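Just so you know, these numbers come straight off a predicted model, no measurement behind them.
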Amino acid sequence: MDKFVVNIIHRPEMVPEYAEKVTGHGKEEDIGRSSLLTESLDIFKTQQSIAHKNGLKTTIQMTYASLFNEEAIALAKADHEKYGDEIALTLLGLPCKEFREKYKTKDFCIWMFSLEDKKSIVDDVFGKFYEIFGFYPESTGSYYMDAELTNYIKEKYPSVKCAVATCWEEGPKAYHTCNNSWYTLMDGGPWNPWIPSKQNTHAPAANAEEDSGIVAIPHLSRDLLACYDGNGSNFGTHPQNVLRGMIYDSKTWEFPYLYNLIDQYRSLEKYNNGYSYNMMFVGPGWMNKMGRWEAPYELLLKSYEDGMAYYGKLKKEGKLCDMTMSEFADYYREKKTYTEPECALWKDILYGSEKQIFWYCDPYMRACVNMDQGGAIVDLRPYAAKLNWPVGIGTKHVQDASYPFLIQEKYRAGYFTHYAGEGTVRSAKLTYNGEEVDLCLCRTKAKFSQEENTRVLTLDPVDIEFYDLTVTLQTRVCFEEGSSAIRIERKILNMSNPDAKVSINEYMVACYGTTEYPEDMYGITLTCKGSETKTIDYQYKCREEQLAGADEVSAVIPAIETKVSMRASSADAVGYVKEGYAFSPMFTLGYTAELSDKEEFTTWLNLEKAN
């Protein structure tokens, strides 16, 4: 049966983020302040009550601080007995007197600690949980859980089968909109549930050997377009996001965008074999009695009541199935295979732009196709590398947990660039009599289909107008399950002069990184391979090589253990590679060919782990 599955996760966070400063009213910091603890618990009770009133069960993720509070413990036990709520454990909510006295730090993000401290904290928290409840939890989580942390938890506490493991697109954009103070850099991961690999949390496992043993879910279900273009904290199915983004009627306090967002997640079943998912993961901090984000408490409360009422209504209509985290993990294991991708053909539901993008995620890649740019690939993460990326104190990445990109239009410009240089994008250019048109300039729409084990985006044809020639071109972007390749088919449907010939240049401009700032490109090797082999060792010298009939053009990027390559359907196509320069530190792979009316040209972009 097709299912829209919802996880509702509450946590009795006794010392919520930000809240001490608010309840303390300028007093000296005291995270044990009784007014803070009382209000936090009251809000948790309210959230639980609203869910239950609407016939919804929750997962109660106990925080470390709540394990020292008898009332929080009693509430969790009572709601487990009465409503079937799952009693789980979160690695958020660490700050409390007991924690600070032991670890002598104000750090609270578990993935940022040293590996030694991570293990010690996990043992403390899980041990305290067992002492209180007499069993170990089946689910846990944080904003992010790195692979070393997940592997340790699964090995030491095998009951854990589900975890909140990343926050979708919580990268530099979120960092900037938090006044450069929110050091949680973790974008590049899946937006929907996945089975993380043992090597890297963001990269899904390709088989049982890579399986970390848990099912991971995201921290919040975000708007896959507005969040990508802007700050994710303003666009999600948590009412807090909608209020923070000021996306509601200020006179009536109604939230149509929230319902539209939930409905768009429901619609993803069309692209995922009848399955769709949504989640809400909340602590009490945002529903503060003194208000937040220019919103009074009454509005904060109403937003939560209305959101839960909508989920409750869908459940009563048989359109929603509420599960606890551990129940969902079991369902997901039965429903999905390792190589089955997650797909989302997403449209703008906020700004009225009619913009449409497509997200694809499997164990080998995460890719975004932008129909406003003619079907260009504007984000590409090479999961095939399964890059080992330890995070936290004592590693090379104390805060930056993001999975590196090869293409990322927001951090590396995309097609629309400054007066010089290039941005990262995978697109094509058509040339005729000295005129050139990039498909990035041709807005279109796409339809989704599944042809056996291949997911296909068929784009509406576009008319490309030269001075004395009009070419009608159609693009299909195909993702074959388990292949680690993206196939792009271009077909000329019509030419105003049937005897004309046009040149096509299928290209990929790429680099690597996790932020806007350039990385050292030394060590990258660019290769044209065919009847002979031509190579460029990257030295910022703006060199080019080309080879007629090339079997493959490729780049090996040792820093992220990735090989990216292209090949073409035509034996007459010319393969080429280009080295960038210091002002534009990119590299380019591509093929050029000549096309006549009704002809088709196909290229493949492939990702591999570089030894």
Side-chain angles (χ1 to χ4, degrees), residues 6-25 33-61 63 66 69 71-72 75-76 78-79 82-83 85 90 92-93 219-223 233-262 278-316 320 322:
V6 173
N7 284 149
I8 295 165
I9 305 164
H10 290 154
R11 61 184 189 269
E13 204 166 21
M14 309 310 296
V15 189
E17 297 158 16
Y18 330 113
E20 199 286 328
K21 288 184 172 62
V22 178
T23 58
H25 250 338
R33 195 185 307 279
S34 60
S35 58
L36 173 64
L37 302 182
T38 300
E39 180 175 337
S40 299
L41 207 51
D42 285 347
I43 295 168
F44 169 71
K45 290 182 199 172
T46 300
Q47 291 169 338
Q48 284 286 97
S49 173
I50 293 169
H52 296 145
K53 182 175 71 175
N54 286 285
L56 302 165
K57 59 184 166 186
T58 72
T59 299
I60 303 169
Q61 287 208 335
T63 62
S66 71
N69 186 290
E71 187 177 359
L75 284 168
D79 285 354
K82 186 172 182 179
Y83 301 104
D85 295 350
T90 181
L92 294 174
H219 168 255
L220 304 186
S221 296
R222 305 286 201 190
D223 184 322
S233 296
N234 291 345
F235 314 104
T237 54
H238 185 345
Q240 164 185 340
N241 284 188
V242 177
L243 295 179
R244 191 155 44 193
M246 309 294 281
I247 314 167
Y248 60 93
D249 189 311
S250 60
K251 294 186 175 67
T252 64
W253 286 1
E254 296 298 325
F255 312 92
Y257 169 72
L258 175 63
Y259 311 137
N260 288 338
L261 185 54
I262 293 169
N278 200 223
M279 76 91 73
M280 190 186 294
F281 179 35
V282 303
W286 69 280
M287 206 189 282
N288 198 284
K289 289 287 172 65
M290 296 188 68
R292 291 283 298 279
W293 301 292
E294 303 177 22
Y297 172 72
E298 292 76 17
L299 174 55
L300 300 174
L301 179 64
K302 182 179 186 297
S303 71
Y304 206 66
E305 289 176 329
D306 289 6
M308 285 295 182
Y310 189 64
Y311 285 129
K313 172 176 172 287
L314 291 174
K315 182 178 179 180
K316 290 187 187 81
L320 177 152
D322 55 327

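- The backbone N or O of Gly283 lies less than 3.5 Å from a partner atom in the side chain of Gln47, making a donor-acceptor pair.
- Here the closest heavy-atom approach between residue Ser303 and residue Leu243 is recorded as OG-CD1, 3.6 Å.
- Both tests hold for Lys289 against Tyr297: distance to the six-membered ring centre under 6.0 Å, angle to the ring axis within 45°.
- Between Tyr248 and Phe255, the ring planes lie tilted relative to each other; the angle falls in the 30° to 60° range.
- A donor-acceptor pair under 3.5 Å links the side-chain atoms of Asp85 to the main chain of Thr58, judged by distance alone.
- How far OH of Tyr83 is from CD of Gln48: 9.0 Å, rounded to the nearest 0.5 Å.
- With rounding to the nearest 0.5 Å, the separation of CG in Leu320 from CG in Asn278 is 8.5 Å.
- A donor-acceptor pair under 3.5 Å links the side-chain atoms of Asp322 to the main chain of Lys57, judged by distance alone.
- The main-chain N or O of Met290 is found under 3.5 Å from a side-chain atom of Asn288 such that the two form a donor-acceptor pair.
- The shortest distance between side-chain heavy atoms of Val282 and Tyr304 falls below 4.5 Å.
- Put simply, OH on Tyr257 and CD1 on Ile247 are 5.0 Å apart, with the number rounded to the nearest 0.5 Å.
- At least one donor-acceptor pair under 3.5 Å links the side chain of Thr63 to the backbone N or O of Pro12.
- Lys53 places none of its side-chain heavy atoms less than 4.5 Å from the side chain of Met308.
- Between Pro284 and Glu39 there is no side-chain heavy-atom pair separated by less than 4.5 Å.
- For the residue pair Ala72 and Ser66, the shortest heavy atom distance occurs at CB-O, 3.9 Å.
- Proximity of a side-chain donor or acceptor of Arg244 to a complementary backbone N or O of Ser233 within less than 3.5 Å is detected.
- Atom CD of residue Glu13 and atom CD of residue Gln61 lie 10.5 Å apart, to the nearest 0.5 angstrom.
- Note that CG of Leu258 and CG of Asp306 are 8.5 Å apart. Values are rounded to the nearest 0.5 Å.
- Summarising the geometry of Phe281 relative to Thr90, their closest heavy-atom pair is CZ-OG1, 4.3 Å, with the distance given to 0.1 Å.
- For the side-chain contact (heavy atoms from CB on, under 4.5 Å) with Arg222, the lone residue among Asn234, Thr237, Asn241 that qualifies is Asn241.
- Nearest approach of Trp253 to Lys302, heavy atoms of both residues: O-NZ, 2.8 Å.
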Exercise for the section: Apply side-chain contact (heavy atoms from CB on, under 4.5 Å) to His238 and His219, showing your working. Expected result: CA-CA 10 Å; His238 185 345; His219 168 255; over 6 Å; no
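- Remark: Tyr310 engages Tyr259 in a ring-ring contact (aromatic ring centres under 6.0 Å, His included) (not counting sequence neighbours).
- We find the NE2-CG distance between His10 and Asp79 to be 10.5 Å, quoted to the nearest 0.5 Å.
- Residues Ile8 and Val6 share a closest heavy-atom pair of CG1-CG1, 3.8 Å.
- The two residues Leu56 and Lys315 come nearest to each other via the heavy atoms CD2-CD, 4.0 Å.
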